[in-house]
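Note: hydrogens, waters and symmetry copies are ignored here, and every other heavy atom, side chains too, is used.
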Amino acid sequence: MSSSCSVENQNPNNNSTCSSSSSLNFWLKKKKALVFSTIRRRSSFYKKPPNSPNSPLPSTTLNETKSSPDDYDYDFIPQESKSSNEGQINLDADDETLLQILSRVPQTESKKSTSLVSRSWLNLQGRLVRSVRVLEWSFLTSGRMFLRFPNLVDVDLLHATLRNPKTPLFATALISFGHEFGPPFCGLDSDIFSQNQVKLLPVDQVDSGLKALATTYPNLQRLVVANCSEIGLLNVAEGCRTLQELVLHRCHDEVLRGIAAFTNLQILKLIGSVDGLYSSLVSDIGLTILAQGCKRLVKLELRGCEGSYDGLRAIGQCCHMLEELALCDHRMDDGWLSALSYCQNLKILSLVSCKRIDQNPGLDEHLGCCRMLERLHLERCHLKEKQQSLRALFLVCQAVRELVVKNCWGLKDGVFLNANLCRWRVKLVSLEGCSKLTTQGLEAVVVSFKELESLRVISCNNIKEDEVSPALSNLFATLKNLKWTPDNRSLVLTSLSESGMGKRGGRFFKKLQILNT
């Protein structure tokens, strides 16, 4: 032994050397046994999960078991730990199994917390996301969105295209556009904007982003974008064959040339001009191009768009599947109402935030009628103009089944009396926020509806409960659905009088007057 030779060279006394070496070996054996006994005792306090039957033993365990059979058995696990680990989720499961598990998690905060488990779970959670609203344009151009969410079908780029030089980017993203369209839509408050505050991205940047988006998401079904060009739309139409819904902000006639390439488009929303934010022109030329290209449209919504009789007639003649038409803040020329009769399958007509309807609709015999119309929705419209305008609207919509009027200005008894033209098929009447309408005006119209089944009267302050006639009360008894809260002030006053709150306040102020004197 090398150790013994070295000892002999140092000390000539061999007997003492052998005894010292034997004592050293004895001490090392005792120390090794003490270490392994300590490890064995500590192992009972730790719960190690059992190895799967197919997984090999660790390399350290194999080496130790081969070298010394008396060493500690690292596979020793108490029965308590084996039974407690049976209900745990295996984090090493394959991706397909984890995707099936995560897809069944409900849409709550717990689903968001699953992405915090690990980076792999974060990527798996991103594969389940289908809809995204982008707030920063660099998230799209850098490619991070493609890696984070590879299976998107709904992308909203509206807030990402807005730039405000005076405020940070996150403040620009918080601009509220409300409900984009569809009643109630047009929730954009133009008073908080001005041309010097909000700017949009350049057209070339938007087009390059759309090109990258189309190549990455061929199964895209819905897209919201602003300030793009014809080239950008053509790239989207070529890459996303299954696109069904398209929302274009700051749209004009030249942009609509790329609409013809969308063969499967069913829902289209065009925003031409928004007061205080941007202004662009959509005229009869653009509406004609739209009608010739998108012949499978089911829903069309126009906001801030110009046009006239010719543009709407082209839409009615080409888009035979059109069922819903919404006009918000329209700037159309007089005479456009008569073009609605060409929309033979139109079922829903919505007019929202319109300052005027049609000041010169023409003769009654030239107006026509939408015979398939089921619902007429008027919201936040100015009805103070001539009664001829609203009369023409009810003549065109005389086959309507549902009449909804919400927060319209100038709806007086004489104006609302024109609704008698729709008395043959109306089954639902909803009035909300019509402060000029009285109880007599409501009764004169509602009683004439022979097939009325539902009535909703909400926040119409001039309609009083004590003015209800016996004929109107008899009508209430025959209705299937009735919601009657016309005067909220009277309900509050009656509840306060029953609680005695007003009397208590009067006594309090009387005491103050006495103390002051």
Fill in the blank from the handout: Correct closest heavy-atom pair for I315 and L322 would be CG2-CD2, 3.9 Å
Handout entry: Spacing of L390 atom CG and I357 atom CD1 [to the nearest 0.5 Å]
Key = 5.0 Å
Practice task
Inspect the contact between D364 and R391 and indicate whether a charged nitrogen and a carboxylate oxygen are less than 4.0 angstrom apart.
Solution key: yes
Exercise for the section: Any chance you could lay out the salt bridge (charged side-chain N to carboxylate O under 4.0 Å, His left out) test for D275 and R303, step after step, and finish with the verdict? Expected result: CA-CA 11 Å; D275 294 336; R303 172 173 181 172; over 6 Å; no
Problem - From CA spacing to verdict: side chain to side chain donor-acceptor pair (under 3.5 Å), S469, E443 - result: CA-CA 8 Å; S469 63; E443 180 181 357; 2.5 Å; yes
Practice task
For the residue pair S350 and E379, confirm or rule out a side-chain donor-acceptor distance under 3.5 Å.
Solution key: no
Handout entry: Under the salt bridge (Lys or Arg N to Asp or Glu O under 4.0 Å) test, residues paired with K295 that sit two or more places apart
Key = none
Handout entry: Polar side chain donor-acceptor pair, N462 to T438, under 3.5 angstrom
Key = no
Problem - Flag, side chain of D284 to backbone of G311, donor-acceptor distance under 3.5 Å - result: yes
Problem - Intermediate values then yes/no, side chain to side chain donor-acceptor pair (under 3.5 Å), N420 and S448 - result: CA-CA 7 Å; N420 284 327; S448 63; 2.7 Å; yes
Completion exercise
Closest heavy-atom pair, T263 versus R296, reported as atoms and distance to 0.1 Å, is O-CD, 3.4 Å
Completion exercise
The reported gap from CD in Q244 to CG in L220 (rounded to nearest 0.5 angstrom) is 10.5 Å
Problem - Polar contact flag, side-chain donor to acceptor under 3.5 angstrom, N227-T161 - result: no
Exercise for the section: Taking the side chain as every heavy atom from C-beta outward, state whether N235 and T215 have any atom pair closer than 4.5 Å. Expected result: no
Exercise for the section: Using distance alone, with no hydrogens and no angle criterion, decide if S435 and N461 have a side-chain donor and acceptor under 3.5 Å apart. Expected result: no
Handout entry: L213 side chain near L223 side chain, heavy-atom distance below 4.5 Å
Key = yes
Problem - R371, CZ: over 12 other non-hydrogen atoms inside 6.0 angstrom - result: no
Problem - Neighbour count above 12 (heavy atom, 6.0 Å) for E238 CD - result: no
Handout entry: D334: partners by salt bridge (Lys or Arg N to Asp or Glu O under 4.0 Å), with sequence neighbours left out
Key = R356
Problem - Working for side-chain contact (heavy atoms from CB on, under 4.5 Å), residues L417 and D413 - result: CA-CA 6 Å; L417 190 61; D413 296 345; over 6 Å; no
Problem - Contact summary for G441 and F416, nearest pair of heavy atoms - result: O-CD2, 3.9 Å
Exercise for the section: Apply salt bridge (charged side-chain N to carboxylate O under 4.0 Å, His left out) to K269 and E245, showing your working. Expected result: CA-CA 8 Å; K269 305 177 183 181; E245 183 176 354; 3.4 Å; yes
Handout entry: Ion pair K299/E301, N-O distance below 4.0 Å
Key = yes
Practice task
Please check if any side-chain donor atom of S454 sits under 3.5 Å from a side-chain acceptor atom of N481, or the reverse.
Solution key: yes
Exercise for the section: Kindly compute the distance separating SG (C408) from NE2 (H382), expressed to the nearest 0.5 Å. Expected result: 9.5 Å
Handout entry: Side-chain ion pair, D204 and K211, N-O less than 4.0 Å
Key = no
Problem - Donor-acceptor side-chain pairing of S389 and D358 below 3.5 angstrom - result: no
Completion exercise
Closest non-hydrogen atoms of G410 and V415, given as atom of the first, atom of the second and distance, are O-CG2, 4.1 Å
Problem - Heavy-atom pair of closest approach, residues S229 and V255 - result: CA-CG2, 4.3 Å
Practice task
Indicate yes or no: at least one non-hydrogen side-chain atom of Q440 is less than 4.5 angstrom from one of E467.
Solution key: yes
Handout entry: Check: R241/N264 side-chain N/O donor and acceptor closer than 3.5 Å
Key = no
Exercise for the section: Output the distance between atom NZ (K347) and atom CZ (R401), rounded to the nearest 0.5 Å. Expected result: 10.5 Å
Exercise for the section: Specify the closest pair of heavy atoms between S142 and F139, including all atoms of both residues, with the distance to one decimal. Expected result: OG-O, 3.7 Å
Problem - V206 vs V203 side-chain heavy atoms within contact, under 4.5 Å - result: no
Exercise for the section: For the residue pair S353 and D329, confirm or rule out a side-chain donor-acceptor distance under 3.5 Å. Expected result: no
